[in-house]
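These numbers were taken from a predicted model, which means no experiment stands behind them.
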Amino acid sequence: MNPSANDAQVDISQLVDGLGEQGYIATQQIATAVYIGQQLQKPILVEGPAGVGKTELAKSVAALFDLELLRLQCYEGLDESKALYEWKYGKQLLYTQMLKEKLGDVLSDAEGLEESMQKLHQFQDVFFAEDFLEPRPLLKALKSEQGSVLLIDEVDKADYEFESLLLEILSDFQITIPELGTIVAENKPLVFLTSNNTRELSDALKRRCVHLYIDFPEAKFESEIVSSRVPEIADKLNTDLVNFVQGLRELDLKKSPSISETIDWARSLVLLNASQLDVEVVRTTLNLLLKFREDILLVDNDLGGLLRSSQERR
Amino acid sequence: MKDIIIDFVSRLRKADFRVSPAETLDAVSAAALIGYDSEIHFRMALATVLAKTVDEKQRFDRCFDQFFYFPESTALSEPAAESNTLNSLPENNQSPDGQQPDSQSDTISSEELELQLTEAFSRALSDREAVLMRSLVTGDQAERDLMLQQAAEEVGTQDIRFATQRSLFVYRILQALGATEIRSLLMDINEAAIDRSIKKDNGQTLHSTQPPITDNDTFSSPSPSADSASEWLAGALLQLRRDAEHWVDKQLLQNNEAQLLRDTLLSERRLSEIERRYFHDMHVLVRKMSKALIAKHRRRRSVQKKGQLDVPKTLRVNMRHQGVLFDTRWKHIKKERPDLFVICDVSGSVSAYSKFFLMFLYSLSELIPNTRAFAFSAELGEVTQNFSDDSVEQAVEKVNQQWGFGSTDYGVALEQFSALAAADLRHNSTVIVLGDARCNGGDPRLKIMREVYDRCQRVLWLNPESKSLWGTGDSEMQRYLSCVHQADSVQTLNDLEKVISRLLRALQ
C-alpha cells in the first residue's frame with residue numbers, strides 16, 4: 001500500500017552493496033540508519049567502542065557518493081575560530097600596508113577627520129569581504145557547491161560549549177557570521193558525528209540526530225570484513241583468527257580487541273607467512289591485538305587453552 | 001499509521017524513554033519512508049530515531065516486541081495496516097479448538113454457515129450480535145479490531161490499573177460486543193443436539209456425564225447438521241476472547257504507572273528498610289538521579305574561567321601582527337579540581353546508607369573525579385581501587401564483604417584514616433563522614449577529628465538517625481558536632497540527593 005516502501009528496501013540493499021564495493025562491510029542496521037539520515041536530512045550520530053569502523057563509515061559513504069569529505073577532529077577547547085571560520089589577519093594587515101599609498105590618494109582631497117572617515121565608509125567593509133575569510137571545516141561544508149560529507153570526529157571530546165555551537169548548524173544548516181550575515185547551505189551536507197561515549201552528549205544534540213550504535217560484529221561478519229581488507233588471506237586462517245578474537249572478547253580484558261586490531265593482526269600474519277595459528281605465532285604477535293600489559297599477561301598464561309577453545313567454536 | 005506511532009511513543013515514554021515531539025515526527029517520517037512489510041527494517045528505522053543511548057537501544061527491542069507483533073502467516077484478507085492496530089491472529093493453525101473460517105470455507109461457504117447457525121439459534125439475534133456474527137464469519141480482522149476498540153472504550157478499559165482487573169475488563173468487553181450472548185446461544189444449540197442424539201442412539205454413544213462446556217473444549221456433538229458450524233463458532237469466539245485479552249493487556253501496560261509509583265515510594269523510604277529484592281530498582285533509581293544531578297551541575301565550572309588580560313602573552317602572540325593587539329589572551333584562573341574524602345561506616349544497618357551513598361558518588365565521578373573512599377567498622381581501609389576496577393554495584397558489594405564485620409570503633413577508624421590520608425588533605429579538600437557516631441563506649445578520638453576539621457575546607461557528617469536520637473545512648477554525635485562544619489540526618493534517597501546537590505554546588 002505504500003509504493004515507496006519497497007523502494008526503501010531496495011535502496012538500502014543497494015547501499016549495502018555500494019559500501020561493500022568501497023571496502024566497508026555494512027550491516028542492515030548501519031545501512032538503514034545511513035539511509036534514514038540521508039532521506040530525512042538529519043545528522044547521523046554513530047556511537048560505539050573504539051575501532052569498530054565509525055570513521056571508516058563516513059569515509060566510505062563519501063567515496064560511494066563521490067562527495068568531498070570534510071573532517072573536523074574535536075578536542076577539549078575547540079572553539080569557533082578552529083572549527084568555523086577565522087579572519088585572515090595577516091592578509092588584511094599585508095594588504096593595508098601595500099595599499100597605504102593608494103589609501104593616501106583616495107583620502108587626499110578630503111579635509112579633516114570627519115570627511116576622511118566618510119570617504120572610507122564609502123568603501124563598505126572592503127577588508128571584511130569573503131576573500132579575507134578563512135573557512136574551517138564547518139563553514140566549508142555549508143558553502144560546498146557539490147554537497148559534501150561532514151565528519152565531526154569524537155564529538156564527546158569537545159566540551160559542552162562546542163556542542164551548543166553545533167546546534168544551529170545541525171538543525172538548520174546555517175551559520176551567522178556577524179560581519180557577513182547568515183550563510184545558508186545550498187547543498188546540505190551529510191553529517192556524521194562519532195562518539196566513544198566517554199561522556200554523555202547533551203540531549204539537544206542527540207535530539208537532532210539519527211542514532212546508530214555499532215557494536216563488535218559477529219564472527220561471520222568479521223570474517224567478511226577481514227577478507228575485504230586483507231584479500232590475500234587464506235580462508236582457514238581467516239576463520240581461525242576471527243574465532244580466536246571473538247574468544248578474547250569474552251574475557252575480562254582492559255581493552256577488548258576491536259575490528260581494526262583484528263585487521264592489523266590478519267595483515268601481519270599474512271606478512272609472516274603464517275599458515276595456521278599456533279602458540280608461537282600468536283605469542284609473538286599478541287601485542288598487535290592487545291594494547292595493555294596486563295591483558296597480554298592474562299592471555300599469555302592460558303594461550304593453549306584459548307586456542308583450543310577457539311578451534312571448537314566453528 | 002500515525003496514531004500507532006504516537007501510541008508507541010507514549011508507551012516508550014512510560015518505559016522511561018525520553019522522546020521529544022520532534023523525534024516523534026521523525027519517527028512518523030521514517031516509518032512512512034521504510035514501510036512495514038519488513039519487520040527488521042521497520043524496527044531498525046524506529047530504533048535509529050527513537051532510541052538514542054546504548055541503554056535505550058537494548059530496552060527498545062523489548063518494548064517493540066511487546067507493542068507490535070507481526071503475523072507469521074498471511075491469512076489476512078486485507079492488509080491489516082489500514083486498521084488501528086497491527087495485531088492479527090497469531091499462527092492461524094495454532095488454536096486447538098475449531099477450525100478457522102478460511103479453512104472452513106472450503107467445505108462450507110460463509111453464508112451457509114451463518115444461515116445454519118442463525119437457524120439453530122433458539123432466538124433471533126439482536127443487531128449487535130448480528131454484526132458480531134457477520135464479522136466472525138467473514139473473518140475480517142480489521143473490522144473485528146475496530147469493534148474491539150469501540151467496545152473497549154465503551155467499558156472504560158483505558159482506566160485499567162492492576163493486573164487483577166484483567167478478567168473483569170475482558171468479560172465486560174465481550175459482553176459489550178454481544179459475544180457472551182452468542183456463546184450462551186451456542187451452548188443451547190449444543191445441549192439440544194446432545195439431547196437429540198441421546199434420544200437417537202439410546203444412550204449408546206454418549207458419556208453419561210457431559211463434559212463441562214468451557215471455552216477450551218472441542219465440541220464434537222454427534223448431531224450432523226450444526227456440527228461443524230458450531231465447532232467453528234466456538235473456535236471463533238475463543239479467538240475473539242484472546243484478542244480482547246491482548247487488547248486489555250496492552251492497555252494495562254500502557255497505563256502502568258506502577259513503575260513511577262514505585263520509584264517515588266522507594267526514594268522516600270528509609271534506606272535500611274528496603275528489601276533486597278528492590279535493590280535492582282534502587283540502582284536504576286540512583287543512576288537516574290545522578291544523571292539529573294550531572295545535567296544540573298555540569299555547566300557551572302566554565303563560568304569562572306575568565307580573568308584579566310594576560311599582557312605578556314598577548315604581546316608575544318601579536319608579534320606577527322607587528323605588535324598590533326589583534327589576538328588577545330586572557331589570564332586563566334586554574335580551577336583546582338576538588339578533592340573529596342569519604343569515610344563510610346559499613347557495619348550493620350548503616351551499611352545500606354553507605355552503599356547507596358557510595359553508589360551515588362561514583363556515578364558522579366564525571367563531576368568529582370578525585371574521590372577517595374574509605375570504609376570501616378572495626379578496622380578502616382581504603383576502597384577507592386574497588387571503584388575503579390569494577391562496576392559501582394559490584395564494588396559496593398565487595399566493600400561490604402571486606403570491611404563490614406565487627407562492631408564500629410570510630411576512634412580506631414579515625415586513627416587509621418589519619419595514617420593513610422592526612423598528608424593528602426589540602427586546604428580545599430572536603431571530608432564526608434557517614435555514620436551513626438555510636439562508638440560502643442570506645443574513645444571517639446576527637447583530637448584527630450579536630451585536626452581534620454582545621455585542615456580541610458569542609459567537613460560534613462551524614463547521620464542515618466534522626467536528629468532526636470543524636471547523643472542518646474552511646475552516640476557521640478553531640479561531641480563530634482564541634483568538629484564538623486555541617487551535620488545532616490539522611491534517611492532516604494531523597495535526603496542523600498539533597499545533600500549531594502548542595503555539595504556539588506559548593507564544589508563548583
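- Side-chain contact between B:Val324 and A:Tyr89: absent, with no pair of heavy atoms (C-beta onward) separated by less than 4.5 Å.
- Between the CD atom of A:Gln28 and the CZ atom of B:Arg43 there is a distance of 14.0 Å, given to the nearest 0.5 Å.
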Please report the C-alpha distance between B:Thr48 and A:Thr32 in whole Å, then the side-chain angles of each, then the deciding distance to 0.1 Å, and finally whether the side chain to side chain contact (heavy atoms under 4.5 Å, CB included) criterion is met. CA-CA 8 Å; B:Thr48 225; A:Thr32 312; 6.0 Å; no
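- Heavy atoms from other residues, nucleotides or ligands lying under 6.0 Å from CD1 of B:Ile40 number 12 at most.
- Nearest heavy-atom pair, A:Arg207 versus B:Asp26, reported as atom, atom and distance to 0.1 Å: O-OD2, 4.5 Å.
- In this structure, no portion of A:Glu86 lies under 4.5 Å from any heavy atom of chain B.
- When heavy atoms are compared at a cutoff of 4.5 Å, B:Lys52 approaches chain A by way of both its backbone and its side chain.
- Heavy atoms of A:Ile12 lying under 4.5 Å from chain B belong exclusively to its side chain.
- Atom CD1 in B:Ile34 sits 4.5 Å away from atom CD1 in A:Ile36 (nearest 0.5 Å).
- By the neighbour-count criterion of 12 heavy atoms within 6.0 Å, atom NZ of B:Lys57 is densely surrounded, having more than that number from other residues, nucleotides or ligands.
- For the atom pair A:Gln41 CD and B:Ser29 OG, the distance stands at 11.5 Å (nearest 0.5 Å).
- By the 6.0 Å contact criterion, CD on A:Glu294 is enclosed, its count of non-hydrogen atoms from other residues, nucleotides or ligands being greater than 12.
- Residues A:Leu93 and B:Phe326 form a side-chain contact, since some pair of their non-hydrogen atoms from C-beta on lies under 4.5 Å apart.
- Rounding to the nearest 0.5 angstrom, the gap separating the SG atom in A:Cys209 from the CD atom in B:Glu23 is 9.5 Å.
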Report the C-alpha separation of B:Val49 and A:His211 in whole Å, then their side-chain angles, then the decisive distance to 0.1 Å, and conclude whether the side chain to side chain contact (heavy atoms under 4.5 Å, CB included) test is met. CA-CA 6 Å; B:Val49 170; A:His211 186 270; over 6 Å; no
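- Atom CD in A:Gln9 sits 4.5 Å away from atom OG in B:Ser38 (nearest 0.5 Å).
- When heavy atoms are compared at a cutoff of 4.5 Å, A:Asp215 does not approach chain B at all.
- Annotation: A:Lys255, atom NZ; neighbour count of heavy atoms from other residues, nucleotides and ligands within 6.0 Å is above 12.
- Other residues, nucleotides and ligands contribute at most 12 non-hydrogen atoms within 6.0 Å of the NZ atom of B:Lys2.
- Only the side chain of A:Glu47 comes within less than 4.5 Å of a heavy atom in chain B; its backbone stays farther off.
- By the neighbour-count criterion of 12 heavy atoms within 6.0 Å, atom CZ of B:Arg18 is sparsely surrounded, having that number or fewer from other residues, nucleotides or ligands.
- Sparse packing is recorded around CE of B:Met319, with 12 or fewer heavy atoms of other residues, nucleotides or ligands lying under 6.0 Å away.
- For OH of A:Tyr95, the number of neighbouring non-hydrogen atoms (other residues, nucleotides, ligands) closer than 6.0 Å is 12 at most.
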Go through the steps to decide whether A:Tyr213 and B:Thr53 satisfy the test side chain to side chain contact (heavy atoms under 4.5 Å, CB included), and finish with yes or no. CA-CA 8 Å; A:Tyr213 183 73; B:Thr53 66; over 6 Å; no
